[in-house]
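Here is the structure we will look at, set down as structure tokens.
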Amino acid sequence: MIKIGVYSNPIKDIDGVVQNKVFAAANKIGIRSEPYVSGGDYDFIVSVGGDGTILRMAKDSARCGVPILGVNMGTVGFLTEVEPGDIENALKRLTSREYKLERRALIDAQQEDKHFYALNDVVVRSSDGRMISMEVRVDGEIIDKFTCDGYIACTPTGSTAYSLSAGGSVIGPNTPVIALTPVNPHTLRTRPIVVGSFENIELKNTGTKSARLYVDGEETAKLLPGRSISVTGWDMSALFVRFDNKSFYSRLLDKLNDWSATEG
């Protein structure tokens, strides 16, 4: 019998309404279900929320190899797969194995002995809203030195998030690279660059004030003057349940059209 762990974002799923729908549908179909507990023994993780909720669950998926089925309660839903009204049908398709699994690589940001893992991106930004001074190296080779509002190192998955807004390129999800995108650099020379996923990237704060490190949108650490953060590929992937045969590029076009339609 299939067993699922259900994680519901309480901000998106107020009073657990959609989570209860998942439990009811699972009980009707004959699937064992319970609130998600990290380290639990599950066949699937059902994530109820938006893309931000999935970003929190991706680390667990990568560590334990359990696929995520995303139920969209957000505004973008690029990583989610079904809407709340499709829950019962989605669970039926899990039991009949009418799905495929999609892998998305994570990256590892290391500061001294601490590791932070990101499905989307690692971002360095200033602490006070002013510009920061940065030095970027790849495998020890200096790439550039400049002042900027921030700097992004992202996975192919993250290339459609903050990096895209900052002028970075969209990258196919199976491409083994890390994209480096400066945010408003105070120079005409600096441009986004794409490097191999297992090259070692060093982001150094060369200014006189502390910067902050954000991993998948959450502040995780300070980057003191003269200190560095190391970013490289992590040899693990999160797994996502997909039901249709749409390619990444078809999904991307659909989402970009949806975003354009909602502007204004």
Side-chain angles (χ1 to χ4, degrees), residues 1-74 77-110 113-120 155-158 173-174 215-218 220 233-245:
M1 180 184 292
I2 290 176
K3 182 180 179 181
I4 62 174
V6 185
Y7 178 83
S8 175
N9 184 333
I11 297 175
K12 299 288 185 179
D13 185 19
I14 299 173
D15 296 328
V17 173
V18 176
Q19 182 185 46
N20 290 334
K21 286 183 179 180
V22 177
F23 289 143
N27 183 63
K28 179 179 179 181
I29 297 168
I31 292 176
R32 294 170 60 197
S33 62
E34 65 182 39
Y36 176 78
V37 177
S38 183
D41 183 18
Y42 305 112
D43 296 296
F44 299 94
I45 300 168
V46 177
S47 172
V48 179
D51 285 346
T53 309
I54 283 184
L55 291 177
R56 298 187 196 104
M57 304 308 299
K59 287 79 170 175
D60 279 11
S61 171
R63 289 188 181 98
C64 64
V66 178
I68 301 171
L69 171 62
V71 180
N72 185 33
M73 297 287 291
F78 199 84
L79 295 173
T80 57
E81 183 66 11
V82 298
E83 299 297 323
D86 300 325
I87 289 171
E88 184 174 335
N89 183 54
L91 295 184
K92 286 179 179 178
R93 296 182 73 174
L94 291 184
T95 61
S96 59
R97 299 181 181 275
E98 297 177 32
Y99 62 86
K100 60 182 180 180
L101 297 180
E102 178 182 79
R103 291 185 176 273
R104 295 293 184 99
L106 283 77
I107 52 176
D108 175 8
Q110 183 176 1
D113 61 344
K114 295 182 179 179
H115 290 263
F116 307 100
Y117 303 107
L119 177 64
N120 262 1
T155 65
T157 298
N174 296 318
V215 178
D216 281 347
E218 295 187 359
T220 57
W234 187 37
D235 193 20
M236 295 289 280
S237 302
L239 296 170
F240 293 91
V241 173
R242 300 298 184 211
F243 292 123
D244 60 43
N245 292 317

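It should be emphasised that the depicted structure is a prediction, and the values quoted were computed from it without experimental measurement.
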Is Asp235 atom CG crowded by more than 12 heavy atoms from other residues, nucleotides or ligands, each under 6.0 Å away? no

Measuring from Ile45:CD1 to Phe240:CZ, what's the distance to the nearest 0.5 Å? 9.5 Å

Looking at Val241 and Pro67, what are the two nearest heavy atoms and their distance? CG2-CB, 4.0 Å

Considering all heavy atoms of both residues, which atom of Ser61 and which atom of Ala238 are nearest to each other, and what is their separation? OG-CA, 3.7 Å

Is it true that a side-chain atom of Asp43 and a backbone atom of Lys3 form a donor plus acceptor pair closer than 3.5 Å? yes

Inter-residue atom distance Asp51.CG - Phe78.CZ, 0.5 Å rounding: 8.5 Å

Is there a side-chain contact (heavy atoms from CB on, under 4.5 Å) between Asn20 and Asp15? Walk through the geometry before answering. CA-CA 9 Å; Asn20 290 334; Asp15 296 328; over 6 Å; no

Determine the minimum heavy-atom distance between Asn72 and Gly50, stating which atoms define it. OD1-CA, 4.4 Å

What is the minimum heavy-atom distance between Gly70 and Ile54, and which atoms define it? CA-CD1, 3.9 Å

If you define the side chain from C-beta out and look only at heavy atoms, does anything of Val37 sit under 4.5 Å from Tyr42? yes

Nearest-0.5 Å distance, OG1 of residue Thr157 to CD1 of residue Ile107: 10.0 Å

Has Arg32 got more than 12 heavy atoms of other residues, nucleotides or ligands less than 6.0 Å from its CZ? no

Does the side chain of Thr155 reach to within under 4.5 Å of the side chain of Arg104, using non-hydrogen atoms? no

Euclidean distance, Ile68 CD1 relative to Leu101 CG, rounded to 0.5 Å: 11.0 Å

Supply the atom-to-atom distance Leu91 CG to Lys28 NZ, rounded to the nearest 0.5 angstrom. 11.0 Å

Does a side-chain heavy-atom distance below 4.5 Å link Pro84 with Val71? yes

With side chains defined as the heavy atoms from C-beta onward, is the minimum distance between Leu69 and Phe44 less than 4.5 Å? no

With heavy-atom distances below 4.5 Å as the criterion, would you say the side chains of Glu81 and Phe243 are in contact? yes

Between the OG1 atom in Thr95 and the NZ atom in Lys92, the distance rounded to the nearest 0.5 Å is 8.5 Å

Pro173 versus Pro156, closest heavy-atom pair with distance: CA-CB, 3.8 Å

Taking only Lys NZ, Arg NE, NH1 and NH2, and the carboxylate oxygens of Asp or Glu, determine whether Glu88 and Lys21 approach each other closer than 4.0 Å. no

Under the ring-ring contact (aromatic ring centres under 6.0 Å, His included) rule, collect the residues that match up with Phe23, sequence neighbours excluded. none

Are there more than 12 heavy atoms of other residues, nucleotides or ligands under 6.0 Å from atom CG of Asp244? yes

Between Val82 and Asn89, is any pair of side-chain heavy atoms under 4.5 Å apart? no

Please check: side-chain N/O of Gln19 versus main-chain N/O of Val48, any donor-acceptor pairing under 3.5 Å? no

Less than 3.5 Å apart, which donor and acceptor atoms pair up between the side chains of residues 4-12 and the rest of the protein, not counting sequence neighbours?
unit_1 : atom_1 : unit_2 : atom_2 : d
Ser8   : OG     : Asp13  : OD2    : 2.7
Asn9   : OD1    : Ile11  : N      : 2.9
Asn9   : ND2    : Thr53  : OG1    : 3.1

When you compare the side chain of Lys59 with that of Tyr117, does any pair of heavy atoms fall below 4.5 Å? yes

Arg103 and Leu239, any side-chain heavy atoms less than 4.5 Å apart: yes

Between Asn120 and Asp216, is there a donor-acceptor pair closer than 3.5 Å when you use the side chain of the first and the backbone of the second? no

